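Data first, discussion second: the structure below is written as C-alpha cells.
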Amino acid sequence: MNAAPGRNPYADLLRIGAVGFVVTGHWLLTSISDHGGHLHGEDVVSALPWTQWLTLFFQVMPLIFLAGGYANAGSWARHHAAGEPWAGWLADRARRLLVPTTVYVAVAVLAVVVCVAADVPAAIREELFWAAALHLWFLPTYLALLALTPALAAGWRRRRWQLPLAFAVLTAVVDVFVIGPRLPLIGWSNYLWVWGGLYLLGFAWRDGAFTRAGALWLAAAGAALWAVLVLPGPFPVSTVGVPGARIQNASPPSIALAAYAAVLIGLLLAAEDPVRRRMRHPRRVTAANAAAMPLYLWHMAPALAVAAVAYPAGLLPFTPIGSGGWWLLRPVWVLICAALLIPLVLALARLPHPPPYPARRAWTTGPRLLLVAALAAACYALAHLALHGFAPGGRLPAVPLLCYAAGTAVLLGVSTAPRTSGVEGHSAARQCPEPGRGVD
C-alpha cells in the first residue's frame with residue numbers, strides 16, 4: 001500500500017463518502033408520527049429491532065476519524081518541520097471547523113428565539129432542537145483529538161502499534177467497569193479511547209505501516225472479536241445508540257464498536273490501491289471535500305423543515321412505522337431531504353471563508369493557556385448542546401452558549417495576530433499551501 005506524504009484522494013473519498021452515508025442513515029432511521037396533533041420523532045431501530053443489523057452499513061464515523069488522523073498527522077508534521085508552534089497550528093485547524101459551526105449555532109439560536117416568539121409549545125421546541133443538535137457530539141471529540149495530535153504523533157513514532165493497541169485495551173477495561181460494577185460515568189472516557197484509537201490508525205496509514213495483507217488481518221481480527229462480543233453478548237448488534245438500552249455501542253462507544261470499525265477500516269484500506277488506480281478524477285473528489293462539513297452540520301435542517309411543513313399540511317401521509325406504505329415513503333423522504341439540502345450547501349459555499357494559514361504571533365505560555373481554556377469552553381458547550389439540545393425545557397441554554405461564544409471568539413481571533421520575532425517570525429515569511437494542496 002502507498003505511504004502518501006501528499007494529498008491522498010482516497011482519504012478524501014472515504015471522508016466525503018462517510019459523510020454521505022451518515023446523512024442518509026440519519027434520514028432513514030428517523031420516522032415522523034403524529035401524537036395528539038403534535039409531530040413526534042420515532043427511532044426506527046427501537047421500533048423495529050431487526051433493523052439493528054442495517055446499522056452495520058451506515059455506521060461509518062470511524063472513516064471520518066481515520067481520514068482526520070491521516071490529514072492532521074501530515075499537516076502537523078509539515079508545519080512543525082517549518083517551525084510552526086503547536087498553538088498557532090491548533091488555532092488554524094480548529095477555526096476551519098468552528099467557522100461553519102458558528103454559523104449553524106447562530107441560525108439554531110435564532111430559530112429557537114423565533115419559536116419562542118411564535119409561542120410554539122415548549123415540549124415541541126425541546127424535541128425539535130434536540131434533534132438539531134444531536135450530531136454535534138462529533139465536534140468536541142474531534143477538537144480534543146486535534147489538540148492532542150502532536151502528543152499522539154510523538155507516541156506513534158516511539159511506540160508504533162503498541163499505542164493503538166493500548167487504546168483498545170483501555171476501551172475494554174472501561175467497558176468491564178460499565179457492564180460489571182455499572183459505573184456509567186467512566187464509560188464516557190471511551191470517546192477518547194475508541195475514536196482516538198481510530199484516529200491513530202490514520203497516523204499508521206499515512207506512515208505506510210499498513211500493507212494489504214496487514215489491513216486484511218486487521219479486518220479478520222476485528223470480525224472475530226466482534227462475533228465474540230456481539231453474537232453471544234453482551235453487546236447489541238446496533239452500531240448506533242438505542243434509546244433505553246443499558247449497554248450501548250455508540251453513546252458512549254464500546255469495544256464492540258471498535259472491533260466493527262477495525263473490520264470496516266481493514267477492508268477499505270485493503271481496497272485502496274485498486275480503487276486509486278480506477279479513480280479518473282481525483283481532483284474532483286478532493287474538491288468535493290469542501291462540502292463535507294456543511295453537509296454534516298446542516299443535514300437535519302431539511303428533515304426538520306419537511307416534517308414541520310409537509311406532514312401538518314397533508315403533503316405527506318402519516319403511516320405506521322414498519323408498514324408497507326411507510327417503507328414506500330422512505331425513498332421519497334430521502335429524495336425530498338436531499339433536494340433541500342443540496343441547494344442549501346451550495347448557498348453556504350458562497351459565504352466568505354477565513355483566509356488560509358494566517359500569520360501567527362510568538363506564542364508564549366499565557367496565550368497558550370488561553371487557547372487551551374478557549375478550546376475547553378467550546379468543547380464543553382458543544383458537548384452540552386449535543387446531549388441536551390438548543391432548547392432544553394424549551395429555552396436557550398445560556399451558560400453553554402456563552403461558553404461557546406467566548407471560547408470561539410478566542411479561537412477565531414488569536415490565530416490572526418501577527419508574529420513578532422524569532423523562529424516563528426522567520427517562518428511567517430514562508431509561503432504555505434492553500435487548503436486542498438498537500439495534506440489538509
Side-chain angles (χ1 to χ4, degrees), residues 64 68 71-72 75-76 79 84-113 129-130 132-149 191 195 290 292-301 345 348-361 363-364 366-392 395-418 435 440:
I64 296 179
N72 290 325
S75 174
W76 169 244
H79 286 271
E84 302 284 357
W86 164 80
W89 176 84
L90 174 59
D92 269 350
R93 302 298 284 186
R95 71 205 295 261
R96 300 185 189 192
L97 296 173
L98 290 174
V99 167
T101 301
T102 300
V103 174
Y104 182 78
V105 170
V107 171
V109 168
L110 179 61
V112 173
V113 172
F129 290 103
W130 171 80
L134 182 62
H135 59 296
L136 296 181
W137 71 266
F138 161 77
L139 287 160
T141 307
Y142 193 87
L143 286 168
L145 291 173
L146 195 62
L148 293 171
T149 293
Y191 274 93
W195 299 120
M293 193 63 182
L295 280 172
Y296 184 82
L297 284 172
W298 291 91
H299 73 275
M300 287 305 295
V345 170
L348 290 169
R350 296 181 177 273
L351 294 176
H353 296 284
Y357 299 112
R360 308 173 187 91
R361 70 172 130 186
W363 289 84
T364 59
R368 287 181 181 179
L369 292 176
L370 178 63
L371 179 71
V372 171
L375 187 69
C379 287
Y380 156 74
L382 290 166
H384 188 282
L385 291 172
L387 284 171
H388 304 288
F390 287 104
R395 298 288 178 181
L396 290 171
V399 173
L401 289 175
L402 287 174
C403 287
Y404 181 80
T408 303
V410 173
L411 287 164
L412 296 183
V414 291
S415 62
T416 60
D440 189 32

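Residues take their numbers from the sequence shown, with the count starting at 1. Since the model is a prediction, treat every value here as computed from it, not as a measurement.
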Under 3.5 Å, which donor-acceptor pairs do the side chains of residues 138-148 form with other protein atoms, sequence neighbours left out?
unit_1, atom_1, unit_2, atom_2, d
Thr141, OG1, Trp137, O, 3.3
Tyr142, OH, Asn72, ND2, 3.0

Do Phe129 and Leu396 make a side-chain contact, defined as non-hydrogen atoms from C-beta onward lying under 4.5 Å apart?
no
Side chain to side chain donor-acceptor pair (under 3.5 Å) partners of Tyr404, counting only residues at least two apart
Thr102
Report all side-chain donor-acceptor pairs from residues 373-389 shorter than 3.5 Å, counting only partners two or more places apart or in another chain.
none

Do Trp86 and Thr149 have side chains that get closer than 4.5 Å, going by heavy atoms?
no
Return the minimal non-hydrogen interatomic distance between Tyr104 and His135, and the atom names on each side.
OH-CE1, 3.4 Å
